[in-house]
Amino acid sequence: MIVRPRPGLLRLFFILRGSVLQRIFPQVLVVMALSTVVVLAHRTDPGRIPSFDGAPFALLGIALSVFLGFSNNACYDRWWEARKAWGQLVAMARDLVRQTLILEHRGPAAAAGRRRLVDLAIAFPHALVVHLREGASPVDLGRVLPAGMEREALPGVPDKFLPDRILRGMGAVLATLRSAGHLSDMEFVMIDGVLGRMTETLTACERIKTTPVPFGYALLLHRTAYLFCFLLPFGFADVLGWGTPLAAALVAYTFFGLDALGGELEEPFGTLPNDLPIAALATTIEIILREGMGERDLPVALEPVDFMLL
Amino acid sequence: MIVRPRPGLLRLFFILRGSVLQRIFPQVLVVMALSTVVVLAHRTDPGRIPSFDGAPFALLGIALSVFLGFSNNACYDRWWEARKAWGQLVAMARDLVRQTLILEHRGPAAAAGRRRLVDLAIAFPHALVVHLREGASPVDLGRVLPAGMEREALPGVPDKFLPDRILRGMGAVLATLRSAGHLSDMEFVMIDGVLGRMTETLTACERIKTTPVPFGYALLLHRTAYLFCFLLPFGFADVLGWGTPLAAALVAYTFFGLDALGGELEEPFGTLPNDLPIAALATTIEIILREGMGERDLPVALEPVDFMLL
Amino acid sequence: MIVRPRPGLLRLFFILRGSVLQRIFPQVLVVMALSTVVVLAHRTDPGRIPSFDGAPFALLGIALSVFLGFSNNACYDRWWEARKAWGQLVAMARDLVRQTLILEHRGPAAAAGRRRLVDLAIAFPHALVVHLREGASPVDLGRVLPAGMEREALPGVPDKFLPDRILRGMGAVLATLRSAGHLSDMEFVMIDGVLGRMTETLTACERIKTTPVPFGYALLLHRTAYLFCFLLPFGFADVLGWGTPLAAALVAYTFFGLDALGGELEEPFGTLPNDLPIAALATTIEIILREGMGERDLPVALEPVDFMLL
Amino acid sequence: MIVRPRPGLLRLFFILRGSVLQRIFPQVLVVMALSTVVVLAHRTDPGRIPSFDGAPFALLGIALSVFLGFSNNACYDRWWEARKAWGQLVAMARDLVRQTLILEHRGPAAAAGRRRLVDLAIAFPHALVVHLREGASPVDLGRVLPAGMEREALPGVPDKFLPDRILRGMGAVLATLRSAGHLSDMEFVMIDGVLGRMTETLTACERIKTTPVPFGYALLLHRTAYLFCFLLPFGFADVLGWGTPLAAALVAYTFFGLDALGGELEEPFGTLPNDLPIAALATTIEIILREGMGERDLPVALEPVDFMLL
Amino acid sequence: MIVRPRPGLLRLFFILRGSVLQRIFPQVLVVMALSTVVVLAHRTDPGRIPSFDGAPFALLGIALSVFLGFSNNACYDRWWEARKAWGQLVAMARDLVRQTLILEHRGPAAAAGRRRLVDLAIAFPHALVVHLREGASPVDLGRVLPAGMEREALPGVPDKFLPDRILRGMGAVLATLRSAGHLSDMEFVMIDGVLGRMTETLTACERIKTTPVPFGYALLLHRTAYLFCFLLPFGFADVLGWGTPLAAALVAYTFFGLDALGGELEEPFGTLPNDLPIAALATTIEIILREGMGERDLPVALEPVDFMLL
């Protein structure tokens, strides 16, 4: 995620980091080149290159705007839902620390159970990062993984059941505490609710990761946007003349840009500039849990590098 | 559901799988042919074929865009809600395994009850696939259906009460466990909550399956889209000349495509390319439940065939 | 509700059932006739009939599209919320049967209480149909109304407190079961939750029925749509000539149609083609409850008559 | 709130009650007058009055439509949320009557506590009306306010803590019942949940009342809409001639009307035609509560006066 | 937040407070100046300055409107969600006072625990203001911070764990009350639910503060809006002549204004005119809590200064 103050008016036009411009630059350039060729051909030999009236293009462009608006809305909603799911993990950290305070009143075994619950909860978001983000380094995970949760998969290969195993590990601690009489049934259910919300987060993130916006939409919008922008010069060469390349590039920048941004937001767990900083969030959750347990030697919160937070 | 990385720019235009193009190809062709005829007639005998000004078409086209946007939004929401309902089943699997851990502390009869609960939960999503998807093969179902849940209906005929019977079967196990004192009332209510969410999923899926978007909308949008595209050549033949067939085909592809995609998403449980992969999800849920019970011989997750996951 | 497969391309244009065309046919005809007169007058005596440029109409038409889109969205949301509320009744039926299973373990008086609860729950949706739908026949209701719930109102006059009385009847059974010690307090609260959701459904349906979309909106959109369509011929007679009646009819069909469909969805409990089939849903709920109690002599599910389900 | 059947086509144009026309009539008249002057000036002295091409106006008009659509959507959502909050009070009434039935099994002191709870619940919606609606007559409130809840503020001045005090009064009854052993802790929590939802309603209504749509939006849309409509005649006088006043008035009616309707819905607790009938709802809730307690002498439901329900 | 009645028609155009005009005035002026230069150059030397046809601009303008509509919608939703989160704190205050009433029945130690809970709850919203709002004065916080919650950070530097520590302080009081037997487990869970909702509010506010709308969107819309408005004069100088500066300024005011308003709403905790009055809300919550505890010496509610409430 790009973290920076809104730039001033002049700098606005020269920012590359976080802009989608880098990714769509080739296509915009192609549209500009094509426009130049069309205008040139039009000037030198008006009869050869067909030129259309702009009206049907306007119609298609407006339709495209409406559909890109709809599609970006859907992608943004996914992105925001993913962020909310991670926010639920933050709330989980606070609730867990607070709700397990009663265990401190119930003897050392109960207090040890509490520590184990929190240790597992610290590992969970880091495991989730490895689970969701292609190529996320499992180094952080090794640092926080408690005993008994060693990864079963081969080294370097993500263990796809790890988040599940951590949650079940927490469930086992709870069941033991309940059996030993350290928790009343109501208290047991209350803390199990925290695990339930962690499960929800895991499931929601998996859903967003494995279920993209229907491929048919992506294809239809992609194709229409590209065809539209490639035909644009033919429609406007007549009326805009040498202004055509500029206008076509501006329109292409807007439409390709929105299409590309939608694609970035659609899969919010990657490491592209507009993706969610889930590694930083995992560290934040760890800090909240450790600080809540009274630790003083807290990990350092991740900072944006070159305005970018991972 | 189509599962594939976003294709590169060039391949984009040649993908058929998952594109809605195959289904609307005849209609687009008709529009192209009609356009050609109109332009031809226009050229050879300008007075015979009426030609209109494009402005009213632009107006209608924009209105149509807005309404198609609204309708696609509604259809996408249904599709996403269906996916969320199935996500709730995934969360259910995790919650059930975790929450029933306490039963392992309460003797062999309680543990046997837990096993029975999980076995029934494994059968539930497979039964739901047969319940929701026309023509789904009940083979998988036979593999997982526990004793006492044999299908009452004739072979080959879906038993429409089967999901209900499975849920009641789980409820009966719970009630027995409660009566035998293996569960406190609070714990009983907690696990019953899992069954409650399975009931919600079943009910939500049935609602989406049996209540399409109001027929009047489908009809109105269908008709307007078709009339619009068939009249298009008359409106643009004048200004676009031989560009008309191309432009009309592009507009028709966009409008027919969105109309068809909306129709696909509206009934998300089928086997069309943009439908939800509920059979694969049912297997995923089974894997989560079995892995959670410590089984090692897990079923194989369904893989996309030809980029398509069912 | 219209229940039928999407018709083929050709049949599409000849379906009347479920189309809103029947209801707006007179208005569309008026617009066509007016267009014809305007064109005729225009041809015979160009100076007499004023003719406007189309541009301002396009502006108004686009504004109208946006607002009709907003208004249809609101109406569709109401319709879908009403359907969800009824879906909650379906889930209620399943939850009630399952959660009351524990009563079967607690002696004949408890089992009789369970039967009474289910009998009242069977009557509730039928009572709700009579409560919500003007002119719904109370015959079905008489068939299912248990003893003690006889209608207080005069015959033929709906008893507006009946759904309330049924819910209170269920509450009284629960309170008696609780007092007699057949239910622990937690179990009592759990089953009371089912009654709470029935109350929510009742309240949500009443809200939708008694609170239409603000009258000012309906009026503003109605008026603008009509004025727009009646002025249309004056704007387009010039450029479209004899194509005007067709184009004006098409635009009028789209705008009047959306306006009328919004009005239908706004009050989803009636018997118009796009209203919800609440009578059929009430029978479905009855079937689920009876089948869940082990009855074999189930009522017959309502079937669509002439593609229409009530 | 206006309560009336949708009027027929002809009457549609002559309804004033509930139409926003009365409130925006002066502005529409100004636009018409201005248009007339512009056209007249244009005809008599074409060079003096500037006349612009309509295209930029179309652009601004479409942008304005989109933004008015967005803003009306936000206002409608507030209105509908306020209605839902009041619906929660209706459900509260039903839940309270039903859930407190158990108190009738627990001796006269418990039954007296139930009566006190219901009496306070009857007063709550009336107090909320006085709290939310400027200038609402506190007469009704005096009729229903139970002993001990006399208003602390000066006569005629709303007591802004009254709803809070009523809720705390209900909480005190509950705490006493709990302390006296008339309620188990679970039952206590269940009924406290009803009070929690009443608190939510109070808080949601206060939020909607005290937090308007950001003033910047209202100002921006207001200004743009007015400037747009006042410039309109200059843009269209050329092409529409004497049709300009009519067209400008129609556009102004639509845009001013939507702006004004949004403003009405934004503050839904007033007594304007499209505001919510909260006084009538308060009486409905009182009727439900009294009928539920077996009273026969029920207050009369408020009826629309001149199609208007307060 | 600006708090003022909607101004009359004439005053409407002269309000600066709360208008976004002040912030975008330079840009609008630049557009006006540029327009003047373009028109002047056009008049004196038509061949030198390029002039384009307006149609492609219309297309881009409409696309921009749709995307600005989408983006403003997202920003408004954030703003409203933030307001709802603070509303939850208001409801929390009421619930806490009411639910802890039972403690008054359980001896002086329990009553002292209640007082401590309320004192911490009073400090929480003030701490949240300091946590969320850059440069908020911690003076108010010092006034309300109870013993044991002294700030750990250096003076003048916000203590980022303070809200967390307050919540944990409340949790510790609850755990002590539970251990001392002053609360049954169900009552303990009920009051813990209030702390859970405070945690949700804290987490939601942090989420909104730390996760802006994706930077790529802001950049794309910013750039397109600016390029569009700077090119506008070239497109319309031809057709509008000396009306161009006015029209361009109007369009720029609308587009820049919406862009700037979206930016204001996106970060709703600041002190710009359209931000949320969280300091005033914190005082409101304090008043509700103190009044609920029977205090008579209530703090004074913050009043708008110059129509602006902080």
Side-chain angles (χ1 to χ4, degrees), chain A residues 26-27 50-53 55-60 62-67 69-70 73-74 77 161 164 167-168 170-172 174-176 178-179 184-186 188-189 192 195-196 199-200 202-204 206-207 210-220 222-224 226-228 231 234 263, chain B residues 1-2 4 6 9 12-13 15 18-20 54-55 57-58 61-62 64-66 68-69 72-73 76 79-80 83-84 87-88 90-91 94-95 97-99 101-102 104-105 184-187 190 236 239-243 247 250-251 253-255 257-258 261 264-265 273-274 276 288 291-292:
Chain A
Q27 289 96 309
S51 93
F52 311 130
D53 181 82
F57 289 95
L59 166 62
L60 195 62
I62 293 168
L64 195 54
S65 304
V66 173
F67 304 141
F70 152 64
N73 208 38
D77 279 353
F161 293 116
D164 263 330
L167 284 175
R168 282 206 309 277
M170 294 178 79
L174 266 193
T176 308
R178 169 81 182 112
S179 285
S184 79
D185 62 351
M186 194 61 225
F188 166 72
V189 167
D192 184 81
L195 305 193
T199 303
E200 264 175 40
L202 166 60
T203 308
E206 283 179 347
R207 167 165 49 81
T210 61
T211 313
V213 165
F215 189 68
Y217 276 115
L219 212 55
L220 186 67
H222 246 63
R223 281 177 180 168
T224 310
Y226 277 93
L227 283 174
F228 176 73
L231 288 176
F234 298 92
Chain B
M1 194 177 67
I2 298 294
R4 64 184 301 170
R6 279 208 176 188
L9 193 50
L12 187 77
F13 292 98
I15 286 177
S19 168
V20 85
F57 288 95
I62 293 168
L64 195 54
S65 304
V66 173
L68 272 174
N72 270 275
N73 208 38
Y76 174 77
W79 179 85
W80 194 230
R83 181 60 187 82
K84 277 187 179 166
Q88 212 172 19
V90 177
R94 289 168 168 144
D95 285 341
V97 167
R98 189 187 69 245
Q99 292 182 340
L101 271 173
I102 42 170
E104 300 287 349
H105 292 258
S184 78
D185 61 352
M186 194 60 226
E187 292 161 352
M190 173 183 74
F236 290 137
V239 289
L240 289 181
W242 284 113
L250 188 55
V251 170
Y253 169 59
T254 309
F255 282 179
L258 275 160
L261 273 173
E264 258 185 53
L265 294 201
N274 293 298
L276 290 173
I288 289 173
E291 198 269 343

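Throughout, a chain's letter reflects where its sequence line sits, starting with A, and its residues are numbered from 1. Atom set for the values below is all heavy atoms of this structure, side chains included, hydrogens, waters and symmetry mates excluded.
For A/Leu195, the parts lying under 4.5 angstrom from a heavy atom of chain B are both the backbone and the side chain. For a residue to count as touching a neighbouring chain, one of its non-hydrogen atoms must lie under 4.5 Å from one of that chain's; by this rule B/Leu64 does not touch chain A. Interface residue A/Arg168: backbone and side-chain heavy atoms are both found under 4.5 Å from chain B. Interface remark: B/Tyr253 contributes backbone and side-chain atoms alike to the contact with chain A (heavy atom separation under 4.5 Å). Residue B/Val97 touches chain A through its side chain alone, counting heavy-atom pairs closer than 4.5 Å.
Under the 4.5 Å side-chain criterion, counting only non-hydrogen atoms from C-beta, A/Ser184 is not in contact with B/Met186. By the 4.5 Å heavy-atom criterion applied to side chains, B/Leu261 and A/Pro214 are not counted as neighbours. Within the 4.5 Å cutoff, side-chain heavy atoms of A/Arg178 are placed close to those of B/Glu187.
Note: B/Asn72 leads B/Leu101, B/Leu250, B/Asn72, B/Ile102 in heavy-atom pairs under 4.5 Å with chain A. Taking chain B as the reference chain and counting heavy-atom pairs below 4.5 Å, the highest number among A/Thr176, A/Asp164, A/Thr210, A/Leu167 is found for A/Asp164. Among A/Thr203, A/Thr224, A/Leu174, the residue making the largest number of heavy-atom pairs under 4.5 Å with chain B is A/Thr203. Interface summary for chain B: among A/Val66, A/Thr199, A/Asp77, A/Leu220, the most heavy-atom pairs under 4.5 angstrom belong to A/Leu220. Ranked by heavy-atom pairs under 4.5 Å with chain B, the first of A/Phe188, A/Phe228, A/Tyr217 is A/Tyr217. Between chain B and the residues A/Met170, A/Glu206, A/Arg223, the largest count of heavy-atom pairs under 4.5 Å involves A/Arg223. Each of A/Asp185, A/Leu227, A/Leu202 has some count of heavy-atom pairs under 4.5 Å with chain B, and the biggest count is that of A/Asp185.
Atom-to-atom distance recorded for B/Asn73:CG and B/Trp80:CH2 is 14.0 Å, nearest 0.5 angstrom.
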Test A/Asp192 against B/Arg98 for side chain to side chain contact (heavy atoms under 4.5 Å, CB included), laying out the working first. CA-CA 9 Å; A/Asp192 184 81; B/Arg98 189 187 69 245; 3.1 Å; yes

| message | Run A/Thr211 and B/Trp79 through side chain to side chain contact (heavy atoms under 4.5 Å, CB included) and show every step you take. | response | CA-CA 11 Å; A/Thr211 313; B/Trp79 179 85; 3.6 Å; yes

Given side chain to side chain contact (heavy atoms under 4.5 Å, CB included), test A/Val213 with B/Tyr76 step by step and report yes or no. CA-CA 9 Å; A/Val213 165; B/Tyr76 174 77; 4.1 Å; yes

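The closest donor-acceptor contact from the side chain of B/Asn274 to the backbone of A/Gly216 lies under 3.5 Å.
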